[in-house]
Amino acid sequence: MLSKQRNRPGLRAVFIASLLICIFVADTVTDFEIAFAVFYIAVILSAIGFLSTRGVVFLASVCVGLTAISLLLTKQGSFEAGVFNCGISASAIGVTTYLALKTVAAQAAAHDAQEQLARVARLTRLGALTASIAHEVNQPLAAVVTSADACRRWLAHEPPNLAKARQAAERIVRDASRAGEVIARVRGLARNEPSRREPLDLNEAAIEAVAMAQHEIERNGVALQWHLAEDLPAAMADRVQIQQVIGNLLLNALEAMAGLPSFRRELEISSSRDADGNIVLAVADSGAGMKPSVLEHAFDAFWTTKETGMGIGLAISRSIIEAHGGRIWATSEPRMGAVFRFSLPAAGKDTP
Amino acid sequence: MTAAGPTHEPGTALVHVIDDDEAVRTAIEDLLASVGLSVRSYGSTRAFLEAAPVDGPACLVLDIRMPGQSGLEFQQQMARTGLRLPVIFITGHGDIAMSVKAMKNGAIEFLTKPFRDQDLLDAIQHGIEKDRLRLEEDEATATLQACWRTLSPGERDVLPLVVRGLLNKQIAGLLDVSEITVKVRRSQVMRKMQAKSVADLVRIWDRLQPKT
C-alpha cells in the first residue's frame, strides 16, 4: 500500500516551527541594534497556502509576540534602538501577512472565475449541439409520424386506398433511415478523436487525475486517502479517456459530500485486482449514499439527481469504460457513502 | 416547389404549406389529401409569394426554421404587407419565447415536430373557418360600399342625421330643405341601402365606418 499525501503537511509544519525557533533564538542573542525579527516574514510566507487565512493571521500574531518577548530577553545594546527595531519588525510582519493573504485570495478568485467560465463554455457548446441534433432528428421523425398518420387515414377510407397507403409506408421507411443516418453522423462526430490504447498504469493515471482535481479537493476541505495495490498489471487503455472517467467520479464524490461538515468529508481512492484478474479502481465518498432506485439509473443518459446536472457524466463514463471492455458500477451501503468502481481488463488478456 | 393543387377548385378551402424539408412537405401534403383537403406546398416563403394567390378561404402551415427568411420573419412581413392568412407554425425545436412571439402576432397554433395529426387538422380547420368568416365580412362590407356609392349627395347628407336619431323636421332645419324633401330622400336611403328599419340602417352605417 502506498501512502502519498499524509507525511508532506507534517514536514512543512516541522519546518515552519523550527524556522520560528531559530529566528527567536537569533533575535534574542543578537543585540538591540540588529532587527533580526524581520526574518519572521519568511515564516509567514512559507505558511501561506498551507494554513487557512485564520491560521496565517494567528501565526503572524505569534511572530509579533515573540518579537516583543525577545526584546525583553535581550541584554546587550541600546534598549531604545531595540524598541524601534521591534516596531519595524512588527509592521513588516503585519504588512507581509496582509499582502500575502490578499494575493492568495485574488488567485483563488481568479481560479474560480476561470473554472466557471470553462464550465459555462462547455455547457453552451453542448446546448447548441443538442439543439441542432434535435432539429436534425426531428425533421425526418416528423415526416415519419405524419406519413404514418396519413397511411392510417388512407387505410380507413371506404374502400381503403391501398396505393396511397403503400406510398406513405415507403416514405416512412425512407425517412426513418434518414433519421438513422443523422444518428450515425452524430456518432461519428463523437468518435472523431480516435482512442489511443497504450499500456496504462492505473495507479499513475489515478494520481495524475487527482492532481488535476487537487484544487477542488483542497477547497472543499476533503481528507484524501489512498489505498493503491502495488504490482498492478498494466491495462491497454486511452489515458485521457480513463482520466476523464476518474475525474468525473471525483467531482461527483465531492458534490455528494458538499452538504457535510468539513471534518466528515472523506474520499478514498483504492485500486485492486478482482478474481478474474481485472484491474479495479474504486472511488468512495462519505456522503449520504444512494437509494437503490437511484443506483439503478445512475448510468442512464439524461438522468440526474442534481438540479443543475445534465445527466451525461456517468453515461459518458460508462460508454468509455465499456468501450475498453470493462465495467462500471456503483454500490451504496447504509451509514456509508457511495462507492463507484470500474474494472479494466489487464493487458495481455483479450480485449474486445 | 410542388404543385399539388390540380384538384383545387376556385372558392373552396386551400391549405398552403411552406417547409424547406421535402420529406416533411410531402408527408403533410399526403396527410391533408387523405382527409380531402386541397393543399399546395412550397420550399420557401419566396416560392409562396411568387405563386399566384387563389381566392377562397385558405390557411398557411409555416415552418419556423428555414434557410433564407424564417417563418417568424415572414409572419411579420405578412402583417406589414396586409397579407391576412391564418398561420399555423410547425417547428423542429421551439422554445417558449418563440411560441409567445408567434401567438402574439396572431398565429392560430404552434406545433412542435413531430406533432399529432389531429392537432394539425384541428388547427387547419379552425384557420380555414376563421378565414371564411373574414372573407364573408369583407364581401358584405364591399356590397354596402357599392350601395353607398349609389346615393345622391343629398341622400348622403341625410343618412348620418337619421342614424343620429333626429326627426325629419330637425333634419330639414339643419340641412335647410323642406320636410317633404327629407322624407323622400330618407325613403330613398332606406331602399338603396336595403335597410328594413332605422335600427338596421344604424348597423349598416356602423359597418361602413373605417375600423380602427
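In what follows, chains are A, B, ... by sequence order, proteins preceding strands, each numbered from 1.
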Can you name the closest pair of heavy atoms from A:Val145 and B:Phe115 and give their distance?
CG1-O, 3.8 Å
Going through the checks in order, is the side chain to side chain contact (heavy atoms under 4.5 Å, CB included) test met by B:Leu121 and A:Arg153?
CA-CA 12 Å; B:Leu121 295 176; A:Arg153 286 177 190 271; 3.4 Å; yes
I'd like to know whether CD of A:Glu198 has more than 12 heavy-atom contacts from other residues, nucleotides or ligands below 6.0 angstrom.
yes
Neighbour count above 12 (heavy atom, 6.0 Å) for B:Gln194 CD
no
Flag if over 12 foreign heavy atoms under 6.0 Å of CD, B:Gln118:
yes
B:Asp117 side, atom CG; A:Ser147 side, atom OG - distance, nearest 0.5 Å
11.5 Å
Are A:Gln139 and B:Asp63 close enough that some pair of their side-chain heavy atoms sits under 4.5 Å apart?
yes
A:Asp175 and B:Ala23: which non-hydrogen atoms are nearest, and at how many Å?
OD1-CB, 3.2 Å
What distance separates B:Ser34 OG from A:His157 NE2, expressed to the nearest 0.5 Å?
5.0 Å
Whatever's closer than 4.5 Å to a heavy atom in chain A on B:Ile64 counts as neither
In terms of heavy-atom contacts, does CZ of B:Arg134 have more than 12 from other residues, nucleotides or ligands at under 6.0 Å?
yes
Residue pair B:Pro114 / A:Thr146, side-chain heavy-atom distance below 4.5 Å
no
Could you state the interatomic distance from CD (A:Gln167) to OG1 (B:Thr26), rounded to the nearest 0.5 Å?
10.5 Å
Contact part of B:Thr91 toward chain A, heavy-atom cut-off under 4.5 Å: side chain, backbone, both or neither?
neither
Hey, which of B:Leu31, B:Thr112, B:Ile90, B:Asp30 has the most heavy atom pairs under 4.5 Å with chain A?
B:Asp30
If you compare all heavy atoms of B:Ala27 against all heavy atoms of A:Ala143, which two are closest, and at what distance to 0.1 Å?
CB-O, 3.6 Å
